[in-house]
Amino acid sequence: MSNDMTPDTERQRGGMSRRGFLQIATLAGAAAGFTGTLARSENEIGYYAMDLSDDTLRHMLRTILRIRWHERTMADKMLSDPSYRAYNHFYAGQEAVATGVCAALRNDGPFDQIDLVYSTHRPTGHAIAKGVDMAKMQAEFDFRATGLNNGYAAEMHISDPDVGFIGADGMIGPGHVIATGSAFAFRARGSDQVSVVFGGDGTYATPHFHSALNNARLLDLPFIYVLENNLYHQYAHYSHSCPHADIADAARAYGIPARVVDGQDVFQVYNAAKEAVDRARAGGGPSFIEAKTYRYYNHWGAPGAEVGKLGAFGYDPLAISSFRPERELRSWMQRDPVDIARATLIDWGVMDETTADTMETDVRAEVDAAFAWAAEQPLCTPEDGLKHVFAEGVVAPRQMA
Amino acid sequence: MSNDMTPDTERQRGGMSRRGFLQIATLAGAAAGFTGTLARSENEIGYYAMDLSDDTLRHMLRTILRIRWHERTMADKMLSDPSYRAYNHFYAGQEAVATGVCAALRNDGPFDQIDLVYSTHRPTGHAIAKGVDMAKMQAEFDFRATGLNNGYAAEMHISDPDVGFIGADGMIGPGHVIATGSAFAFRARGSDQVSVVFGGDGTYATPHFHSALNNARLLDLPFIYVLENNLYHQYAHYSHSCPHADIADAARAYGIPARVVDGQDVFQVYNAAKEAVDRARAGGGPSFIEAKTYRYYNHWGAPGAEVGKLGAFGYDPLAISSFRPERELRSWMQRDPVDIARATLIDWGVMDETTADTMETDVRAEVDAAFAWAAEQPLCTPEDGLKHVFAEGVVAPRQMA
Amino acid sequence: MTVKTWMYSVLEAVQWEMRDDPAMTWIFELTPPVASNPDMPVINLETEFGKKRVVNTGIDENWMCSAVLGAGLAGSRAATYVPYQGAGMPFQVIQNHAGKLRHMTGGRASMPVVFVIEMTGQTPGFAGQHSDYEVDSAYMHIAGVRTVVPSTPYDAKGLMHAALRSPDPVVYLYPAGLRMLFEEVPDEPYEVPLDKAAVRQEGSDITLVGSGAGMPDVLGAAEILGADGMSVEVIDLRALKEMDTETLVGSVGKTGRLLAVDQSYYTLGPAAEVVARCAENVDGARFRRIAFPDAPPPASPEMFNWMRPNADGIADAARKMV
Amino acid sequence: MTVKTWMYSVLEAVQWEMRDDPAMTWIFELTPPVASNPDMPVINLETEFGKKRVVNTGIDENWMCSAVLGAGLAGSRAATYVPYQGAGMPFQVIQNHAGKLRHMTGGRASMPVVFVIEMTGQTPGFAGQHSDYEVDSAYMHIAGVRTVVPSTPYDAKGLMHAALRSPDPVVYLYPAGLRMLFEEVPDEPYEVPLDKAAVRQEGSDITLVGSGAGMPDVLGAAEILGADGMSVEVIDLRALKEMDTETLVGSVGKTGRLLAVDQSYYTLGPAAEVVARCAENVDGARFRRIAFPDAPPPASPEMFNWMRPNADGIADAARKMV
Ligand SMILES: Cc1ncc(C[n+]2csc(CCOP(=O)(O)OP(=O)(O)O)c2C)c(N)n1
Ligand SMILES: Cc1ncc(C[n+]2csc(CCOP(=O)(O)OP(=O)(O)O)c2C)c(N)n1
Ligand SMILES: [Mg+2]
Ligand SMILES: [Mg+2]
């Protein structure tokens, strides 16, 4: 980001002029600096991010940092602490997507007024961005009795309805269809809530893709499909299962307004999300957002990673031909969502290098405290496995005579 | 059809000139005569029908007549003969679709060389067009031991692999996906066979629609999806479950070549099918054909019909708002596939009124004979119900001690 | 109290609950939620509650059940009626999502939803694919859903009220063959518990157990046997999951003989669980099952009718045990 | 004869059949069909047979199974490997199409196809949704498919040969937890029948019955009990459908005691059918089951490990019966 810093005194209001000018300069800088990457933008989206309060803008960077340092701390734990039991699917590299989308949602208030988010097998970023308590989430990852879901869920199934985080879903496909059902309920009861589902490029090929989009269109549901196209599902490039370069084209075929955004730039993501949320609340029906992005770690766990270093390199366990090349990963890491958000806010004069550094230091301390708290939490009581099958009572043990 | 009759002597060869001219004249006539109907054509398709031998052309009309009189005889039986046990889903009105498509297929020869057809809950027309024996089929409809499938199948499940008729399938959706599997096998074993599935407008909304088209495209399968858009599924207009006016647009979104044809005109249907079959045999992958058509009877059985009369009128059992208006039906019946095929062949000089009448008389006799034969066939032996669960042996009876 | 058909009784329950809760929704595919009954107002959910709450969809039963589940997770009560041809389509979402979400989230997911799943298999002429009795086992085996199957209009209404009010996802199996049964049914709402079998007749010589569409023949057999002088206890399972072990074991403990009847396939039909539970808990009793053979129902009425367990066959089997 | 892992043994069978039949195809989603074994050549089906016959697909398990079925109907042998997360997705097409087509067409449909369906549930930490043992019952209840579940590398290979050669559609359940077991396995092709249980150990005091991933604990229990001096007969079901009633009934007739074990849910797990068949055929014996409770497996290893039937729990239950 090569633009001069904006003095604090000059950036008080959310007016058009300065930020409007700056964002164009920023995008131009980004384009010059990162030609050749896959990320693209559609410049005709309204630049709503410029109207956000400084607090909100700072909160967005903070959220990105919280996700990032949670990721890195997990990776380091996995690699260095043999007593650490949690497994996980890393989100690092994609932070701007969850953050940009959730910044456009209603994340607190009574359950019948907040927006709902359906997440995936890679839920951490979505959860943090939606407002899930990090320490409780981490305790859940570590199977603790006082974790977010009392040890029943672990990473791939975390859920926190209090902040509208309906939850992770480890299956590819069904969650999208289920999410349209929430949108259906909102419309039926006359609520202006919105139902958002995150999904990877892998979701395109599922039969559920058609069901979710077709019914959302037919019934004009307040439903937003956020497709995080990180180019791969497990060990296969998405071109193996999808004939479209932009998966958004598939959504457009249903008559659903769709946007392709640079998933590394939180403000672009926000702009598209804001447009979609406004449309949904106004009764305009569904939207589709394809965020071009990349993940820095492998599909699952930390193979190929090193303690203290961001990203996992050179791991190709099955010598799969369509597996991602290391240089592709390195090229994407040049456009890091943390750097972009930070540089933009400094450029906009929302903060300076020092306050940005302080924020990062604070976040690291918060993350460390969350892990420390989680590690002290009690383990589960075996017999509790018989609870929560139904709303009331316990089921009978059957593993013993 | 207002063109002058062509003298027999002038229509010996399949050359370009005369038929080429005539077909344009015919279409123009059709368009003038039937403005306001939904059937449409895409005139840029090659007019391959003009190159067919007279025998083949006559065979096509004959097939249409055989389907039609089988339909009418069934309806009359159902309405007038209380001992008649068969139930059925009528195909009358759509005869040109099955006939035009199957005329472009390889329908005899060894099983590993013929083309395969997957049919629906409305299979009679497809079966007859593919070459299934009518008498045996009728015996099957009547649950006879010597029926096409020995009384196990009845109408919605008839099958005759000998002519490549894989069979009826009473479920909406799965058959399309299964049919891509046959195409997959052809490609894997280097065969030039083609796998064709017929489906209604109701199939669009199924999740299977996406699976079938996406995988056919990704793997470039020799697969043809013939969508008979008769505007309704059961009691709902297709616009209730589909956001496209032409469902073909949905196929195009996958990059699959798609045609919309007038399903009442067997030659137009043939032209599109021939193009698709040529493409598939040459390794060019899947095609989609949407035939705009209409059925003259209700979804199931003969309610609203009268003995000796074609079509069923004024039946709206559930007072469903989206149910078809009688005038819509009457309007479609103005463009009857029998009339269009007959008039065209007479116009082309392939036959004259007298030979056409004789053909119809012959067909009626054949159909009557088939029904008579079927009615004399033996009923099934109860214990045989325990056979054919597996390739060998019988399963145990369990309904008795 | 009015004489009502099954269909009317069920929709009466749905109508009552939808009037009571303006957020509740109903999704259907083929069968418009309309019922009429002599001396009663026509019930038409679509016209009464409007198309935002009562929706007719395309042919996508997996969407129907998934949508209802999503509505539940969003805090709205919701139900859907899946036609029998689509009975297997939503299996995965019910098994792996509806059934597991509450436990998997440590009790935080709420799913006040009902999956009404039509069952047929009773119609000679409708072969193989158009028979779906076998889904009872599929939906009974999985965890976290309550699976019930009524056999009388009274139960059909009471179980519908209970299902719609239950915070748990309920698979409500709907034997289409019983749709035109009628009997006196209260006009007011009432609940039939989701976890209790019904003792239809008390007796001491033998226990006959059946469910759903099999009950008319089980009761027919009891009548035949009663005329012979046998004292027959007849149990209607009603709840497949959680199965009412106590009632079953109590009865077999008393009679010492159990004949369990399924219209579904023999292998792993509900009767297998009935026999297994009783055999584990009552030593020394005699146990038999009769069921549809492990073969798809053929179209031919001659084959099909012979393969279906009927009152005579059941009575015969019972006689051989006593 | 070479010491081989389960994985290698299975792929050796597939490789042999694909070499033998140039039309045969294999469809996979996640797990590339690659296996290596000390002293043996690496098997890689994709590179050996090419991408027209061995296909990697998008995430659509229903397509995978449907495609294999369509290939079979077109006259080609075909198989697919469905990862455990997708185990429930193809239920409908296997239940209502693969299982019914032969009968429904009066024997005219041919379906020489194999659905390999991965099973897990053994991994503490993988909660709820990521456990799919329950599909064994779903695929065992339906008609017209043969459902088998191996528990040793030897059986895994022999059952794979038999499944691929069978004209019937076969659901081949693949317990992922056993994938790294190894033992001496012949290099040549051989078949293990699709309808025979294996008596793993003869004995006279009690019959223990298990299957698939449950077998290591059942055998562990037999060892514990043997050390106590009890004479234990151990049966591995192998074939869930058609279940080998004769071997089961013969054994229980001899021992007079049956303890059937499931890693799947208690209600309507395969053990229910084992108990029911034996109870119908052996009067006066004692019957017990132990199984996973009717609850989705929780993530916490503390809860999960306690809920899983293990060797000690099985031995304990057996002791109470003798
Ligand atoms: C129905 C189903 N089949 C298979 C899987 C196994 N699986 C887990 S994650 C994954 C890849 C998902 O890729 P994508 O949607 O692109 O998300 P990403 O991992 O890239 O975030 C697969 C195939 C699954 N979870 N569910
Ligand atoms: C999975 C499934 N759900 C529901 C049905 C019930 N059903 C039978 S035919 C039909 C309508 C099909 O309409 P369409 O595809 O347009 O064919 P058409 O009847 O017009 O020929 C429906 C819904 C079914 N057979 N399968
Ligand atoms: Mg991805
Ligand atoms: Mg139609």
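This structure is a prediction, so every number in the text was calculated from the model and none was measured. Throughout, a chain's letter reflects where its sequence line sits, starting with A, and its residues are numbered from 1.
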If every non-hydrogen atom of [X] is compared with every non-hydrogen atom of [Y], which pair is closest and at what distance?
{"X": "B/N150", "Y": "D/G106", "value": "OD1-O, 3.9 Å"}
{"X": "D/G107", "Y": "B/H388", "value": "CA-ND1, 3.6 Å"}
{"X": "D/R102", "Y": "B/V389", "value": "CD-O, 4.0 Å"}
{"X": "D/K52", "Y": "B/A188", "value": "O-CB, 3.4 Å"}

Can you say whether [X] sits under 4.5 Å from chain D via the side chain, the backbone, both, or neither, judging by heavy atoms?
{"X": "B/D162", "result": "both"}
{"X": "B/S211", "result": "both"}
{"X": "B/F390", "result": "both"}
{"X": "B/H210", "result": "neither"}
{"X": "B/N149", "result": "both"}

Using non-hydrogen atoms only, which part of [X] is less than 4.5 Å away from chain B: side chain, backbone, both, or neither?
{"X": "D/V145", "result": "backbone"}
{"X": "D/L101", "result": "neither"}
{"X": "D/T25", "result": "side chain"}
{"X": "D/E280", "result": "neither"}

Value for CZ (B/F184) from OG1 (D/T57), rounded to nearest 0.5 Å, stands at 9.5 Å

Check your understanding: So, the side chain of D/H103 versus the backbone of B/G385: is there a donor-acceptor pair under 3.5 Å, distance only?
Key -> yes

For chain B, which candidate among D/V93, D/L73, D/D60 shows the most heavy-atom pairs at distances under 4.5 Å?
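Winner by heavy-atom pair count: D/L73.
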
Practice problem: Could you tell me which of D/A67, D/S66, D/P22 has the largest number of non-hydrogen atom pairs under 4.5 Å with chain B? | Solution: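 Heavy-atom pair counts peak at D/S66.
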
message: Which residues in residues 391-401 of chain B have any heavy atom closer than 4.5 Å to a heavy atom of chain D?
response: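 Residues of residues 391-401 of chain B touching chain D at under 4.5 Å: B/A391, B/V395, B/R398.
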
**Request:** Could you walk me through whether B/N214 and D/W63 pass the side chain to side chain contact (heavy atoms under 4.5 Å, CB included) test, one step at a time?
**Result:** CA-CA 10 Å; B/N214 192 46; D/W63 182 78; over 6 Å; no

Per-residue tally against chain D (heavy atom, under 4.5 Å) across B/L219, B/N215, B/L116 peaks at B/N215

Inset, instruction - Could you give me the CA-CA distance, side-chain angles and deciding distance for D/N96 and B/M171, then say whether side chain to side chain contact (heavy atoms under 4.5 Å, CB included) is met? - result: CA-CA 9 Å; D/N96 219 19; B/M171 301 298 112; 3.4 Å; yes

So for atom CG, which belongs to B/D112, do other residues, nucleotides or ligands contribute more than 12 heavy atoms lying within a distance under 6.0 Å?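 Counting neighbours around CG of B/D112, more than 12 heavy atoms of other residues, nucleotides or ligands fall under 6.0 Å, so yes.
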
* Might you confirm whether atom CD of B/E383 has over 12 heavy atoms from other residues, nucleotides or ligands at distances under 6.0 Å? => yes

